[in-house]
Amino acid sequence: MKRCPQCGQLFEDSVGYCPVDGSKPVPVGTGEDSDPWLGIVLGGKYRLEKKVGEGGMGKIYLSRHITLNKRYAVKMLNPEYSNNQEAIERFRREAVTAGELEHPNIINVTDIDYTSEGQAYIVMEYLDGRELREDLRNTPVVDPQRALRILYQVARALDAAHAKGIIHRDLKPENIFLIDRADQKDVVKILDFGISKIKGARASNLTQTGMVIGTPHYMAPEQARGDRDIDTRVDIYALGSIAYEMFTGRLPVNGESPTAILMKILLE
């Protein structure tokens with residue numbers, strides 16, 4: 001198979017030129033390092049250059065604007081979720097929520113669109129740094145002054161989200177990104193508002209009563225119970241759990257399985 005580098009359409013090997021834009025299709029790679037999305041241009045603007053991350057719902061690519069030569073991060077929803085309305089809604093919510101907040105400590109989302117094949121993608125600012133989790137693996141106990149600088153920025157971001165009625169619901173070290181700049185180290189960017197809750201909004205299928213959403217180690221008791229009417233305090237609880245971990249090198253609640261952790265939070 002071949003893929004047009006401009007529009008992304010797939011063609012048989014015998015096709016010499018794309019009938020859409022006249023580009024010469026290139027072979028889709030093979031082998032463990034291959035990725036059929038690398039090299040294509042999304043929306044006529046963003047050329048995917050390198051895969052830089054992968055999660056449960058999608059892959060993240062370093063991309064470059066073909067006119068401005070500016071770097072962006074593009075998050076592609078995995079193809080298996082293309083017909084999953086709940087996954088698409090969660091993906092869309094992540095883009096809309098982060099885009100609405102426009103805070104220096106929250107990742108900036110610039111666009112959400114779909115490929116010609118119907119695959120959703122989000123365009124975000126490209127962050128050159130690492131997750132807080134990576135630092136905690138290397139240095140489990142963080143210097144108190146440094147920890148306070150990081151936590152203060154996280155608190156500012158949460159305050160901005162809460163002021164707009166947005167609850168993150170999955171705050172954890174993996175969603176706290178740190179950037180070192182020439183004039184400032186440990187600049188915080190909060191990631192992944194995909195399971196955020198809009199205060200006062202009617203529950204959707206993503207947030208039905210009794211559904212436990214979040215990461216157990218940082219989950220408040222009411223969230224662990226699956227309560228419907230959670231509020232901003234679940235984010236404050238998670239921030240406290242992260243602070244505990246940074247200052248002590250230990251998780252406040254731990255167990256052999258996610259279920260065991262949830263039971264300790266609820267009962268102990």
Side-chain angles (χ1 to χ4, degrees), residues 3-9 20-21 23 26 28-29 33-79 81-82 87-134 153 157 160-161 166 168 170 174-196:
R3 184 186 294 276
C4 174
Q6 296 299 323
C7 71
Q9 290 283 355
V20 178
D21 55 29
S23 299
V26 295
V28 175
D33 295 327
S34 69
D35 189 319
W37 291 108
L38 292 180
I40 73 163
V41 177
L42 297 174
K45 301 177 185 178
Y46 309 102
R47 186 185 301 278
L48 304 188
E49 294 186 343
K50 179 183 178 182
K51 190 176 82 170
V52 294
E54 186 169 358
M57 291 183 64
K59 298 177 182 178
I60 301 175
Y61 295 87
L62 165 63
S63 71
R64 196 171 296 274
H65 195 289
I66 61 174
T67 304
L68 303 176
N69 201 36
K70 182 177 179 180
R71 294 187 302 176
Y72 289 90
V74 172
K75 186 173 185 180
M76 303 284 299
L77 183 66
N78 284 336
Y81 294 114
S82 295
I88 293 172
E89 172 59 24
R90 182 173 295 178
F91 201 71
R92 187 198 66 83
R93 178 182 294 176
E94 176 181 357
V96 173
T97 302
E100 178 186 350
L101 290 171
E102 293 185 317
H103 188 275
N105 295 122
I106 296 173
I107 189 169
N108 182 33
V109 173
T110 60
D111 200 3
I112 180 170
D113 206 343
Y114 299 85
T115 68
S116 56
E117 298 160 334
Q119 190 166 343
Y121 64 89
I122 297 172
V123 182
M124 306 172 285
E125 64 175 317
Y126 178 72
L127 303 178
D128 190 2
R130 74 278 178 200
E131 296 173 356
L132 173 59
R133 172 60 68 205
E134 183 179 333
Q153 294 176 78
I166 297 169
H168 190 286
D170 195 22
E174 289 81 356
N175 285 335
I176 299 172
F177 205 82
L178 303 177
I179 304 166
D180 290 337
R181 296 174 177 162
D183 59 341
Q184 188 180 3
K185 292 188 178 296
D186 294 326
V187 176
V188 166
K189 292 282 187 175
I190 304 299
L191 313 178
D192 198 359
F193 278 83
I195 64 169
S196 61

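One-based numbering along the sequence shown.
Nearest heavy-atom pair, Val187 versus Gln153, reported as atom, atom and distance to 0.1 Å: CA-OE1, 3.5 Å. The two atoms that bring His103 and Ala160 nearest to each other are CD2-CB, 3.4 Å, heavy atoms only. Heavy atoms only, all atoms of each residue included: Arg64 and Asn69 are closest at CD-OD1, 2.8 Å. Shown here for Tyr121 and Gly43, the closest heavy-atom pair between the two residues is OH-N, 3.5 Å. When all heavy atoms of Ser63 and Ala73 are compared, the pair lying nearest together is OG-N, 4.4 Å. Between Asn175 and His168, the shortest heavy-atom contact is ND2-CE1, 3.8 Å.
Between the Gln119 side chain and the Leu77 main chain, a donor and an acceptor come within less than 3.5 Å of each other. No donor-acceptor pair closer than 3.5 Å links the side chain of Glu131 to the backbone N or O of Phe177.
For Lys51, the salt bridge (Lys or Arg N to Asp or Glu O under 4.0 Å) test picks out Glu54, with sequence neighbours left out. Every residue meeting the salt bridge (Lys or Arg N to Asp or Glu O under 4.0 Å) condition with Glu174, not counting sequence neighbours, appears here in chain and number order: Arg133. Not a single salt bridge (Lys or Arg N to Asp or Glu O under 4.0 Å) links Arg71 to another residue, sequence neighbours left out.
For the pair Ile190 and Ile107, the minimum side-chain heavy-atom distance is 4.5 Å or more. Using a 4.5 Å heavy-atom cutoff, the side chains of Ile166 and Leu101 are in contact. Side-chain contact between Ile122 and Phe91: present, with at least one pair of heavy atoms (C-beta onward) separated by less than 4.5 Å. Under the 4.5 Å side-chain criterion, counting only non-hydrogen atoms from C-beta, Arg47 is not in contact with His65. Between Met76 and Trp37, the closest side-chain pair of non-hydrogen atoms falls below 4.5 Å. Using a 4.5 Å heavy-atom threshold, the side chains of Arg92 and Ile112 count as touching. Looking at heavy atoms from C-beta onward, Arg130 lies in side-chain contact with Asp180 at the 4.5 angstrom threshold. Between Lys75 and Lys59 the shortest side-chain heavy-atom distance does not fall below 4.5 Å.
Taking the six-membered ring where the residue is Trp, Tyr46 and Tyr72 present perpendicular rings, their angle passing 60° and hence far from 30°.
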From CA spacing to verdict: side-chain contact (heavy atoms from CB on, under 4.5 Å), Ile179, Lys189: CA-CA 8 Å; Ile179 304 166; Lys189 292 282 187 175; 3.8 Å; yes
CA sep, side-chain torsions, deciding dist, call: Val109, Val123, side-chain contact (heavy atoms from CB on, under 4.5 Å): CA-CA 6 Å; Val109 173; Val123 182; over 6 Å; no
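In summary, of the residues considered (Leu62, Leu42, Ile60), a side-chain contact (heavy atoms from CB on, under 4.5 Å) with Val74 occurs for Leu42 alone.
Taking CZ of Arg181 as the reference point, atom CG of Asp128 lies at 10.5 Å (rounded to 0.5 Å). Summarising the geometry, atom CG belonging to Asn108 is positioned 7.0 Å from atom CD belonging to Glu102; distances are rounded to the nearest 0.5 Å.
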